[in-house]
Trainee: 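Pasting in a structure now, in structure tokens, and then I'll have a few things to ask.
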Amino acid sequence: MTRKVDPITLAVVRGVLETTQREMTLTLEKTARSSVFNVAHDYSNAIFNHRPEMILQGQDIPIHLGSLIPAMKFVAAYFGDDIHEGDVIYHNDPGSMGSHILDCCMYKPVFYQGELVFWTVCKGHVTDIGGPVPAGYNPDAKEIYAEGLRIPPVKFWEKGRQRKDVVNFYLANVRSRRDQEGDLRAQLGAVTVGERNLIALLDKYGVQTVRDCIDELMNMADRHMREIIRAVPDGTYAASAVLEDAGHGFGDITISASVTIKGDECAIAISSPPQIPYFINSYEGNSISGVFLGLMMFTQVDPPYNEGLYRCITVDLGPKGTLCNAVEPAPHVNCTTTPMETLADAVRLALEKAAPERAVGSWGHASGINIAGFDARNNEEYVTMVLASLISGAGATAHMDGWHACGPQCCFGALTSGDIEILEYSYPIVIHRYGLVQDSGGAGKYRGGCATEWEVEPIGHEMTVVSFGEGRKYASLGANGAHNHVLESKLARIDLKVGEKVTETLRKNVVLKIQDGQRVSAINPGGGGWGNAFDRDPEQVASDVRNGFVSFEAARKDYGVAVSPEDFSVMSDETKRLRAAAI
């Protein structure tokens, strides 16, 4: 039974928990070595109680946060009573509820007066995890063993003492040892800062009062979610989303979701085809994140964000051995974007059938590149996942246009692309272009956000480029009748160039080499629109044209609006004619 706590104490405890999580995040940002951490912020931090339940998740990467819940429970159960003060556990294995092997997670048990009270947890996307392809994304992998190093739960620090042999074993298997050793210590700093703050909280209020406050915060989240679910009519609602063939030869793949609402409870069942020998299979922990993302896009629930949100939710991922409930030896590294984003779309679309007023446009799906090569400046190999190369557009809602350069959907605005100069300083490259893509946002009464183009050239060396993701065949899904007439600019692609001349356009996932003087350009998909585009205010369309978001041609074809090339004013008579012709 939870004892009543006064609202002032509850607010203070909640503030300390939230501040602790933010300080963990700042510690990572300021001390990490790789650009994936200190520039792109591809990491997430959370705090768990002793049970262990997630009592606070950061507003970080959705694909990390959902999988942390089952992963933390697996890790705690794996060690059982063999958990001691000063232990630090590391883990990435999707077979034991990890998301994918590039997302390496650190768990630190927090003891107070000899009792396990909390866990501080930090998960981050490492620059490399070994295997045959730099940065871990291997589109040619037919099984998980061809993708990189799997790390089941293992203690890197035991009772406060580093296990140097185990840490060295890990670092010996990656290409970017210096970067990842720095990032490993940054993760240790983050979980240690979290531990310090939580112990100070316990010193001030005591274990029982803090636990009572946490239980109330969990109950508060539970009430928020149940209130939203209760407002949805009872029934079963189903929808599907298509995962496009990105060159793997298996054709388009359909993922379906069935959502049953009964009172204040929600049961979500997923149907997907058998797993395939290609790197888009998703293991259980990762797929749970996809389901939760689709749910949160629909509910748009207010904080606090903790495990209480999911008490009224049950998830059935379908039989083991399927695409969204994969088992060993299924290859999987691309799963945190593909099929996770399609899975989230299917769940969201099913829920929106129950409450169409909550419909939103899909965010652009991830379509990016990793780069690797030899840096003669320090005689070291460099490897990085270029998060700036996959920044897409956000989906529109019933109230506003989608945000520009805010995706992809799997990260939901938590990534940052950083300064061009930092990346050029860190690696032997020149970035020729980084900006918004005209006409990439989905057409609608409310327009989807525009995506970005990122173009790079190696300096004085051969550079390995690995492409991954999708969004190159089908545009991001719109909502409430949104439809595109101008399509090509709303799709992702990879352009190979010499100077400004495009020599080849790729729409599949490949590993390739480019030389000094060649360039590769990653063009991303925009977000989906909302509503009939011919209902958009012509003045808003003219403003979009003036700002370069929409071309003159797309204004006419997508929106039925003629804009003067002289002064960007709306040509009223021609606009009336265009819109009348479409009725």
Side-chain angles (χ1 to χ4, degrees), residues 62-71 73-75 91-105 123 125 129 131-133 136-153 240-258 268-294 314-347 365-366 409-410 468-470 509:
I63 191 58
H64 293 165
L65 296 167
S67 65
L68 278 180
I69 295 173
K73 289 173 171 51
F74 184 96
V75 168
H91 167 243
N92 77 353
D93 184 25
S96 51
M97 296 297 175
S99 45
H100 70 168
I101 56 174
L102 287 158
D103 286 336
C104 292
C105 193
K123 175 181 277 193
H125 185 115
I129 200 63
V133 174
Y137 286 76
N138 182 6
D140 297 322
K142 301 296 189 292
E143 54 185 12
I144 194 171
Y145 315 114
E147 294 185 297
L149 181 67
R150 295 169 62 184
I151 307 172
S240 298
V242 174
L243 172 61
E244 68 190 38
D245 187 333
H248 49 73
F250 292 92
D252 292 346
I253 294 171
T254 299
I255 297 174
S256 300
S258 175
I268 301 173
I270 303 301
S271 175
S272 61
Q275 64 190 45
I276 59 177
Y278 185 63
F279 70 167
I280 62 171
N281 300 287
S282 180
Y283 287 71
E284 183 177 349
N286 183 73
S287 293
I288 289 172
S289 282
V291 171
F292 286 172
L293 174 58
T314 59
V315 178
D316 177 4
L317 296 173
K320 290 288 188 180
T322 51
L323 192 81
C324 293
N325 198 3
V327 295
E328 190 176 339
H332 77 297
V333 164
N334 201 178
C335 70
T336 53
T337 62
T338 307
M340 197 280 286
E341 293 165 321
T342 306
L343 173 59
D345 277 339
V347 171
H365 288 197
Q409 183 163 299
C410 61
F468 61 94
E470 56 157 351
N509 296 318

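All heavy atoms count here, side chains included; hydrogens, waters and symmetry mates do not.
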Trainee: Ignoring hydrogens, what is the shortest heavy-atom contact between Tyr145 and Pro329? Give both atom names and the distance.
Mentor: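 For Tyr145 and Pro329, the tightest heavy-atom pair comes out as CE1-CB, 3.6 Å.
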
Trainee: Is a donor from one side chain sitting under 3.5 angstrom from an acceptor on the other, for Glu328 and Tyr283?
Mentor: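 There is no such pair between these side chains.
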
Trainee: Backbone N or O of Pro331 within a donor-acceptor pair of the Asn281 side chain at under 3.5 Å?
Mentor: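 Yes.
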
Trainee: Would you check, one step at a time, whether the test side chain to side chain contact (heavy atoms under 4.5 Å, CB included) holds for Ile276 with Leu323?
Mentor: CA-CA 7 Å; Ile276 59 177; Leu323 192 81; 4.1 Å; yes

Trainee: Is any side-chain heavy atom of Val333 closer than 4.5 Å to one of Phe468?
Mentor: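 No - every pair of side-chain heavy atoms lies 4.5 Å or more apart.
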
Trainee: Quick one: does Leu293's side chain get under 4.5 Å of Leu343's, heavy atoms only?
Mentor: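 Side chain of Leu293 against side chain of Leu343, heavy atoms only: no contact under 4.5 Å found.
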
Trainee: Using atom types as modelled and distance alone, determine if a side-chain donor or acceptor of Glu470 lies under 3.5 Å from a backbone N or O of Leu243.
Mentor: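 Checking the backbone N and O of Leu243 against the side chain of Glu470, no donor-acceptor pair under 3.5 Å is found.
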
Trainee: Under 3.5 Å, is there a donor-acceptor pair between the side chain of Asp252 and the main chain of Glu244?
Mentor: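 Judged by distance alone, no pair lies under 3.5 Å.
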
Trainee: Just wondering, do Val242 and Thr342 contact through their side chains at under 4.5 Å, heavy atoms?
Mentor: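 No, every pair of side-chain atoms sits at 4.5 Å or beyond.
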
Trainee: Supply the atom-to-atom distance Lys73 NZ to Ser96 OG, rounded to the nearest 0.5 angstrom.
Mentor: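 So the NZ of Lys73 and the OG of Ser96 are separated by 15.0 Å.
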
Trainee: Of the non-hydrogen atoms in Cys105 and Lys123, which two are nearest, and what is the gap between them?
Mentor: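 Minimum heavy-atom contact is SG-CB, 3.8 Å.
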
Trainee: Just by distance, with hydrogens left out, do His365 and Asp345 show a side-chain donor and acceptor under 3.5 Å apart?
Mentor: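 Asp345 and His365 do have a side-chain donor-acceptor pair below 3.5 Å.
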
Trainee: What distance do Leu317 atom CG and Ile288 atom CD1 have between them, rounded to the nearest 0.5 Å?
Mentor: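 Result: 6.0 Å between the selected atoms.
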
Trainee: Check whether any side-chain heavy atom of Cys324 sits under 4.5 Å from a side-chain heavy atom of Ile255, and report yes or no.
Mentor: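 They are in side-chain contact.
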
Trainee: Spell out, as yes or no, whether a donor-acceptor pair under 3.5 Å connects the side chain of Asn138 to the backbone of Val133.
Mentor: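 Here the side-chain-to-backbone pair does not exist.
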
Trainee: Using only atom types and a distance under 3.5 Å, with no angle test, would you say the side chain of Asn92 pairs donor to acceptor with the backbone of Ile151?
Mentor: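 Such a contact is found between Asn92 side chain and Ile151 backbone.
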
Trainee: Can you check whether Ser272's main-chain N or O pairs, donor with acceptor, with Thr322's side chain at less than 3.5 Å?
Mentor: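 Side chain of Thr322 to backbone of Ser272, a donor-acceptor pair under 3.5 Å: no, none is there.
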
Trainee: Could you tell me whether the side chain of Glu284 reaches within less than 4.5 Å of the side chain of Pro70, counting heavy atoms only?
Mentor: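 Counting from C-beta outward, Pro70 and Glu284 never come under 4.5 Å.
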
Trainee: Quick check: closest heavy atoms across Gln275 and Ala330, and the distance to 0.1 Å?
Mentor: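 Here Gln275 and Ala330 meet closest at NE2-CB, 3.6 Å.
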
Trainee: Can you list everything that forms a side-chain contact (heavy atoms from CB on, under 4.5 Å) with Ser240? Sequence neighbours excluded, please.
Mentor: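 With sequence neighbours excluded, Ser240 shows a side-chain contact (heavy atoms from CB on, under 4.5 Å) to Thr254, Ser256, given in chain and number order.
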
Trainee: Which pair of heavy atoms, one from Met340 and one from Gly290, lies closest together, and at what distance?
Mentor: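 Closest approach of Met340 to Gly290: SD-CA, 3.3 Å.
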
Trainee: When rounded to the nearest 0.5 angstrom, what distance separates NZ in Lys142 from CZ in Phe279?
Mentor: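 One gets 11.0 Å once the value is rounded to the nearest 0.5 Å.
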
Trainee: Considering all heavy atoms of both residues, which atom of Gly136 and which atom of Ile129 are nearest to each other, and what is their separation?
Mentor: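 Closest heavy-atom pair between Gly136 and Ile129: CA-CG2, 4.4 Å.
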
Trainee: Is the shortest side-chain heavy-atom distance between Asp93 and Phe74 below 4.5 Å?
Mentor: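 Asp93 does not reach Phe74 side chain to side chain.
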
Trainee: Taking the side chain from His332 and the backbone from Ala326, do they hold a donor-acceptor pair closer than 3.5 Å?
Mentor: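 No; judged by distance alone, with no hydrogens or angles, the pair does not exist.
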
Trainee: Please name the pair of heavy atoms, one in Glu143 and one in Glu147, separated by the smallest distance, quoted to 0.1 Å.
Mentor: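 Closest approach of Glu143 to Glu147: O-CG, 3.9 Å.
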
Trainee: Ignoring hydrogens and geometry, is there a side-chain-to-backbone donor-acceptor pair from Ser289 to Gly66 under 3.5 Å?
Mentor: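 Checking the backbone N and O of Gly66 against the side chain of Ser289, a donor-acceptor pair under 3.5 Å is found.
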
Trainee: As an exercise, state the distance from CG of Asn325 to NZ of Lys320, rounded to the nearest 0.5 Å.
Mentor: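 Result: 4.0 Å between the selected atoms.
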
Trainee: Quick check: does any side chain N or O of Asn286 sit under 3.5 Å from a backbone N or O of Cys335, one acting as donor and the other as acceptor?
Mentor: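 Yes, Asn286 side chain to Cys335 backbone: donor-acceptor pair under 3.5 Å.
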
Trainee: If the condition is ring-ring contact (aromatic ring centres under 6.0 Å, His included), which residues does His100 pass it with, not counting sequence neighbours?
Mentor: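 Residues passing ring-ring contact (aromatic ring centres under 6.0 Å, His included) with His100: His125.
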
Trainee: Nearest 0.5 Å, what's the OG-CG distance between Ser258 and Asp316?
Mentor: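 Between Ser258 OG and Asp316 CG, I get 9.5 Å after rounding to 0.5 Å.
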
Trainee: Can a donor-acceptor pair be found between the side chains of Ser99 and Thr336 at a distance below 3.5 Å?
Mentor: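 No, no side-chain donor-acceptor contact under 3.5 Å.
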
Trainee: With no hydrogens and no angle check, is any side-chain donor or acceptor of Glu341 less than 3.5 Å from a backbone partner on Ala366?
Mentor: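 Yes: the side chain of Glu341 pairs with the backbone of Ala366.
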
Trainee: Say you draw a straight line from OG1 of Thr337 to OH of Tyr137; how long is it, rounded to the nearest 0.5 Å?
Mentor: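 The OH atom of Tyr137 is 5.5 Å from OG1 of Thr337, to the nearest 0.5 Å.
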
